[in-house]
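Here is the naming used below: chain letters follow the sequence lines, and residue numbers restart at 1 for every chain. Small disclaimer: the values here were computed from a predicted structure and weren't measured.
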Amino acid sequence: MGTSTQITDASPPAPQQTVDKRAARGATRPGDRIFLGLSRGSGILLLVIMAAIAAFLTYRASLAISKDEGNFLTTFQWDTNAVPPVFGIAVLAFGTVVSSIIAMVIAVPIAVAIALFLTHYAPRRLSGPIAYVIDLLAAVPSIVYGLWGALILVPHMNGLFGWLNDYLGWTGIFSWQGGPARSMLTVGILLAIMILPIITNVSREVFRQVPQMHEEAALALGATRWEVIRMAVIPFGRSGIISASMLGLGRALGETMAVATVLSPTFDIQASLLDPGGGTFAQNIASKFGEASVFGQDALIASGLVLFVITLLVNGAARAIIARRKEYSGPTHEHRNHHPKGPSTLRGARLPKWSPYGIAAGSIAVAIGIGLAAGLHSRVQWGLIAAILYVVGTYAIAAAVEGKRQAKDRVATSFVWVAFLLAVIPLASLVWSTVARGVKVLDVYFLTHSMGVVADTEPGGGIYHAILGTLEQVGLATLIAAPIGVLTAIYLVEYGRGNLSKAITFFVDVMTGIPSIVAGLFILSLMLIFEMQPFGFAGSLALAILMMPVVVRSTEEMLKLVPNELREASLALGVPKWRTILKVVLPTSIGGITTGIMLSIARIAGETAPVLLLVWGNPLINPNPFEGRRPRCRCTSTSSGRTARAPVRRTTAPGRRRSP
Amino acid sequence: MAKRIDVSGLTAYYGSHKAIEDISMTVEPRSVTAFIGPSGCGKSTFLRTLNRMHEVTAGGRVEGKVLLDDEDLYGTGIDPVSVRREVGMVFQRPNPFPTMSIFDNVAAGLRLNGSYKKSELNDIVERSLKGANLWNEVKDRLNKPGSGLSGGQQQRLCIARAIAVEPNVLLMDEPCSALDPISTLAIEDLIGELKERFTIVIVTHNMQQAARVSDRTAFFNLAAVGQPGKLIEIDDTERIFSNPSVQATEDYISGRFG
Ligand SMILES: Nc1ncnc2c1ncn2[C@@H]1O[C@H](COP(=O)(O)OP(=O)(O)OP(=O)(O)O)[C@@H](O)[C@H]1O
Ligand SMILES: [Mg+2]
């Protein structure tokens, strides 16, 4: 029968050359060479983009720093119009790092817990819709998070702040003078809420891929649900969790609009996280860039460079930690410690089904009792006491009745549930307030009309232009970023060994931390070099830069999860590597890859800063993305050809802004 | 059309670990050769060097020669992909492609390598599934996913997939370890049929199976843990099981091992 080579009948095996001698050893078929070339080329392209951004930042920064009178690293001041100019990044570095640390400390455990909840704890009927909502939340524009933070989160922080001040105020970190809660802690919490959906999404996708085999192996040893998670699920997903966290961290470090909306910036470092003040790199760039002179812009770009370097260092450190742990990761090694002793009887003592509710009711009652007796007013306190009582009570009762392992399992279960419920409150509030406020103005007219004929001060007009513009820009960016990202990931997983792939992996991580505004600045300066007008396609390019690392990272994780056996099965059939990748590996992981791409689309669909910078939100409709979208009266061109306009502190939807 | 395999001085490494050392043997065309030996002695490794699958594992490296009808598989300019089209393989653990239907799994090797007419494919798929003794169980659900079959069915699906491309040589790494006695017998009969046309090499831990299906048997062993595995002897199956020339072989076969 006709296969590719002549293996039909011909009884005496004539000494014929059936084995191809097309080229030298290794991956050498034309298809393989082309495919390898494409994927390696994509990886190299990413490196080139990173190098170009770094070079651009360094060049512009050097122009500014050379004229700086203060010490760039330690000065607590930002006055680029002074003669001589004085500016330094100490405050910004402090604020950025602190807010990101707060965000990570809160978001990572909760996100992992939610991912576990969705994959291992939640009833199936519940987990589907919840996962869907969380997917959607990842797409909410950061400006919406910012508005929600300013309108709802900030006022609600007062209770918590008062409580922290009462009990932890003596530390200095948690002292509070009663000002509005537009402080670093609020920013950290808001960032945590923002990055929660991303980390949850990727982690969930990874946990879902844990081979049934691994979990069953653990179950067959008599492991509890929590032990299965510790033995099989977490070790298997560790690299994915770290990737997810890096994606979240990148977004936290570079977040512009949300921070700018919530924080009342000051240019000093305060010990207290609760008092308003402080600033972050991205927020500072966004709020000062519009009014800045050319020199001022260079100074801001210099601060962007520092953010870039910080991202580099953080990723390097994370990578070093992972590398040290690598030897000990993987599902097999953990078995030793957890070899559960077989239960002495088959029917062990079990707590009744209602016991969690019973313990919960009991601890709430006791907490209220204690609260009343001790005269505690804050309900936060009551809740906290109840939570502690619940955990301790569950552990103690379960340990006494069912044994220690069951007790741990129950505590883990309650932690996962609590984490989930804790996250639901702000996220539900966010969805609710957006929908409730939005519905009032949302009608067919709003969707199908542009703002072209309405002045800002009058009600009316629509968002048709904004919808069209968003779709167009996001579509173009996706067309650019998705293929490059997926090919790069393929290179890293399927071909990559050695220094090139290490470099690409590292810089992809760094790239996730590029603040959107810096990507915008980069494209803007390219445009200035080529003397181009702002236009839609430039916005797409900036968005593509933001999108690529997310695509690479998530796709990489998904490809890694494809079992090697499948690749081998295909290779053993004599299928060339590139076809194996296209026909076996990609189809197997297509679900996860799509999630990753959707996630990256979500990331950019809500991205405001670079688009503001590059496109100037034309309120009229311009279907051609390559033609300059010059608005009628929006921007003031300065003599240098630079357009200046404050891109922040306007809280209307993109495109609704117009200068008086 | 079967081909002769001539191995000389073959050594294989995983990184710096030498897994097998200096193996030489000849496998006659249209015969069944069984590999036996204790766990970890390198049977799978050696088998995978015969279709250049060994180098797919990270750090996998091979020294020595494997001649397929006078042509060195490791010679310069040899395309490993073409090698694997001629030397097919069935793995120990069934590994059907999870995204493909039963039909597509069997047709995978053909489809991924070129284009075929639908009727032609239908014929080949049916013949291969019959050959693997699976046809009757799956003929009504050819469009269902392959991963929905039982373990033994999945393994027969993988065998059907391997023979669908009509390789010259078929390598089988413990292909029956997941099968019930009836399917095992069917596979053994199938091996008997296939050897009319193909050269077959099979790794097995089942002595009776080796005795039943093979013409020649090779015994592998390692001197100590951490040492590379070596070929102790290869001879006609009858001789190996009745009167082996090396004491270690006799010990292993009669269960007096270790
Ligand atoms: N992927 C790998 N990386 C490193 N070493 C390996 C790898 N696979 C096998 N080895 C080592 O190579 C040696 C031979 O292994 P191999 O799987 O060939 O044994 P085997 O004879 O097939 O055993 P079994 O009968 O249990 O299947 C063993 O020492 C094993 O530890
Ligand atoms: Mg083996």
- Criterion side-chain contact (heavy atoms from CB on, under 4.5 Å) on A:Leu573 and B:Arg84, from CA distance to verdict: CA-CA 6 Å; A:Leu573 287 173; B:Arg84 293 177 201 135; over 6 Å; no
- Task: Could you look at A:Ser570 and say if it's the side chain, the backbone, both or neither that has a heavy atom under 4.5 Å from chain B?
- Result: both
Without placing hydrogens or testing angles, list every side-chain donor-acceptor pair under 3.5 Å for residues 9-16 of chain B, not counting sequence neighbours.
| from | atom 1 | to | atom 2 | distance (Å) |
| --- | --- | --- | --- | --- |
| B:Thr11 | OG1 | B:Asp22 | N | 3.1 |
| B:Tyr13 | OH | B:Glu63 | OE1 | 3.4 |
| B:Tyr14 | OH | B:Thr45 | OG1 | 3.1 |

- Message: Please give me the minimum heavy-atom distance between A:Ala569 and B:Arg161, naming the atom from each residue.
- Response: CB-NH2, 3.3 Å
- Should the heavy atoms of other residues, nucleotides or ligands under 6.0 Å from NZ of A:Lys560 be counted, would the total exceed 12? yes
- Message: Does B:Lys144, at its NZ atom, have more than 12 non-hydrogen atoms belonging to other residues, nucleotides or ligands within less than 6.0 Å?
- Response: no
- How many angstroms lie between CZ in B:Phe91 and CD in A:Glu568, if you round to the nearest 0.5 Å? 5.0 Å
- Do you know which two heavy atoms are closest between B:Phe97 and A:Leu566, and how far apart they sit? CE2-O, 3.5 Å
- Message: A quick test of your reading: do over 12 heavy atoms of other residues, nucleotides or ligands sit less than 6.0 Å from CE of A:Met598?
- Response: no
- Query: Heavy atoms, side chains only, cut-off 4.5 Å: are B:Arg85 and A:Pro576 in contact?
  - Reply: yes
- Least distance between heavy atoms, B:Met53 atom then A:Leu571 atom: SD-CB, 4.0 Å
- Task: Could you pull out the closest heavy-atom pair between B:Met100 and A:Lys583, with the gap in Å?
- Result: CE-O, 3.8 Å
- Which bit of B:Val87 is near chain A, if near means a heavy-atom gap under 4.5 Å: side chain, backbone, both or neither? backbone
- Item | Under 4.5 Å from a heavy atom of chain A, the part of B:Pro29 involved | neither
